[in-house]
Amino acid sequence: MKPFKPEEVIVEQGSEQSPIWHNLRHALADVPFRVVESGSLLSVRAASTNDGFGDAKRRLYLTKHKGDFFKKCPGSEGQVCCNYFVINFASNCPMDCSYCYLQEYLSGNAELKVFSNVGDLIDEADRTLSKHRNVFFRIGTGEITDSLALEPYTGMVGELIPYFAEQPNVLLELKTKSDCVDSLLRFDPKGRIVVAWSMNPQKVIDRDEHFTASLKERLGAARRCQEAGYRLGFHFDPMIEYPGWETDYQAMIEEIFLTIDWRRLAWVSMGVLRDTPGLKRAMRERFPQTQLLTGEQVLCPDGKLRYFQPLRVTMYRKMVQWMRGVAPTVKIYLCMETREVWEQVFGYAPFCEKELGNQMAPSL
Amino acid sequence: MDWLEEIALRDRVQIHEILGRKVVGEITTDPRLGRADKLKRVKEQVRRWRFPRLAETEDAIRVKIQALKLHPGVRVSVPAGLEGGRLQIEISAASHRELKQLMTRLSEALEKTEVKEIFALLSGASSEQDRN
């Protein structure tokens, strides 16, 4: 994987001397740093080409986050929810997947940002976790960024692991498409940290997951993390349907489950390609040749486009069949799907989000 | 227009080639059709090209519903895009007696294999078996 390197780091006044700032200065010694006044961060924008969203990824902004870090995952109306929480320590991502929903979600706020006030993040998380010790929290850090793609420079996750590894009622999930795991290997995750990869066949990665690690690189990183004591997760999301997809996905599953110890997997999720009419417009503009625009997607009641139901149920069933063939008892769940789809795929649907969320809790 | 662009991208053809296909010509030159009907039929044809497997599944379901030979007072349909996997049944009756008769006939129709086959199509099962 070719590591991302920003052209410049823009630092908002007040963020200097933070641990993240020190890590950035150390790792990016040859990159220009510029300090700007508080509140004027976004006045320094990259010179615009026709691709404003892509331009925004060329620089890295270091700023304080002023809202809540810790939130419930928004999910999608009418879909079975898994009771997931999210912590956003950065915004946007240096990678550039054709289907990325951030192209729409962050279209007016696309600057690649890392938040310097990691102490506030930990304090906020601690207030919630210690107040609700009898509640199990599954927390992810990859909702609006890649959890590890910037780690070689920011060391952000290295600031978080020591805290979260000590919390008895948490599993912290670091979801990534990178292979940037070197700095994680020195920590003891104490069974509380899950490193998870979004996975797709190499053909999909080549076509539509730009600047991400290859399948082999992701698997190599996964094995290293598992050997270092981390739990692993895999997210087959988005699953892409195309001629020959069955051959490619089945081969990928076999390769994955031969590489890692599946009995120590925390979870596996599946979700087909999802977009919105707005995201499709963005994709059409930025990636006009992507075949992702040509799938047989229909508009679902939650406003998202997905492959029509019989097609995606067929895809899910095949994936489950292939996974059960190599990992009979691995926990598999669906992301952003209705009860009807759950019942068609698994023969049952979780009664509520807490039931599904609790199924992910580690047995202690 | 999006559909035409997406067909062109998928099939690596030009839009004018799609609109120049024989079936489009037959619709646009059919003297029995008014302008609105022509537009509607061309749009439907483009939709079938854009969503071939969805159209095939919808057709298969339609054939099976027809095979139930239901009374006109009973209408069976599936949702747009087949989303939800549910069969919708609408009964229209003008009297208690008519309602009872329709329910009896519906109940008899439900015993036909076509009903199970419709649910299988809605849940993707039959499409798998057909391909295998």
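Only this structure's heavy atoms are used, side chains among them; waters, hydrogens and symmetry mates stay out. Just so it is clear: chains get the letters A, B, ... in the order the sequence lines come, proteins before strands, and each one is counted from 1.
No side-chain heavy atom of A:Leu293 sits under 4.5 Å from any side-chain heavy atom of B:Glu5. Within the 4.5 Å cutoff, the side chain of B:Pro52 has heavy atoms near those of the A:Glu296 side chain.
Of all residues spanning residues 22-49 of chain B, none has a heavy atom less than 4.5 Å away from chain A's heavy atoms.
Heavy atoms closer than 4.5 Å to chain A are found nowhere in B:Pro79, neither backbone nor side chain. Neither the backbone nor the side chain of A:Glu343 comes within less than 4.5 Å of any heavy atom in chain B. Using a 4.5 Å cut-off between heavy atoms, B:Leu122 contacts chain A through its backbone alone, with no side-chain atom that close. When heavy atoms are compared at a cutoff of 4.5 Å, A:Glu340 approaches chain B solely by way of its side chain, counted from C-beta outward. For B:Arg50, the parts lying near chain A are the backbone and the side chain together; criterion is any non-hydrogen pair under 4.5 Å.
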Criterion side-chain contact (heavy atoms from CB on, under 4.5 Å) on B:Glu6 and A:Gln297, from CA distance to verdict: CA-CA 12 Å; B:Glu6 287 157 8; A:Gln297 292 181 300; over 6 Å; no
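Atom CZ of B:Arg86 has 12 or fewer heavy atoms from other residues, nucleotides or ligands within 6.0 Å. No more than 12 heavy-atom neighbours from other residues, nucleotides or ligands sit within 6.0 angstrom of CD on B:Gln14. For B:Arg75, the CZ atom sits in a loose shell: 12 or fewer heavy atoms of surrounding residues, nucleotides or ligands are nearer than 6.0 Å. Other residues, nucleotides and ligands place no more than 12 heavy atoms under 6.0 Å from the CZ atom of A:Phe211. Counting heavy atoms of neighbouring residues, nucleotides and ligands inside a 6.0 Å radius, atom OH of A:Tyr105 does not exceed 12 of them. Under a cut-off of 6.0 angstrom, the local environment of NE2 in B:His96 is sparse, with at most 12 non-hydrogen atoms contributed by other residues, nucleotides or ligands.
Between the OG1 atom in A:Thr294 and the CH2 atom in B:Trp3 there is a gap of 15.0 Å [rounded to 0.5 Å]. With rounding to the nearest 0.5 angstrom, the CG atom of B:Asp2 is 4.0 Å from the CZ atom of A:Arg284.
The minimum heavy-atom distance between B:Arg10 and A:Gln291, with the atom names listed, is CA-OE1, 3.5 Å. Between B:Glu83 and A:Pro301, the shortest heavy-atom distance links the atoms CG-CD, 3.7 Å. Residues B:Leu82 and A:Phe308 share a closest heavy-atom pair of CD1-CD1, 4.4 Å. Taking every heavy atom of both residues into account, A:Gln309 and B:Gly84 meet most closely at OE1-N, 2.6 Å. Here the shortest heavy-atom pairing between B:Leu9 and A:Thr290 reads CD2-O, 3.3 Å.
Applying the salt bridge (Lys or Arg N to Asp or Glu O under 4.0 Å) definition to pairs two or more places apart or across chains, none involves residues 101-110 of chain A.
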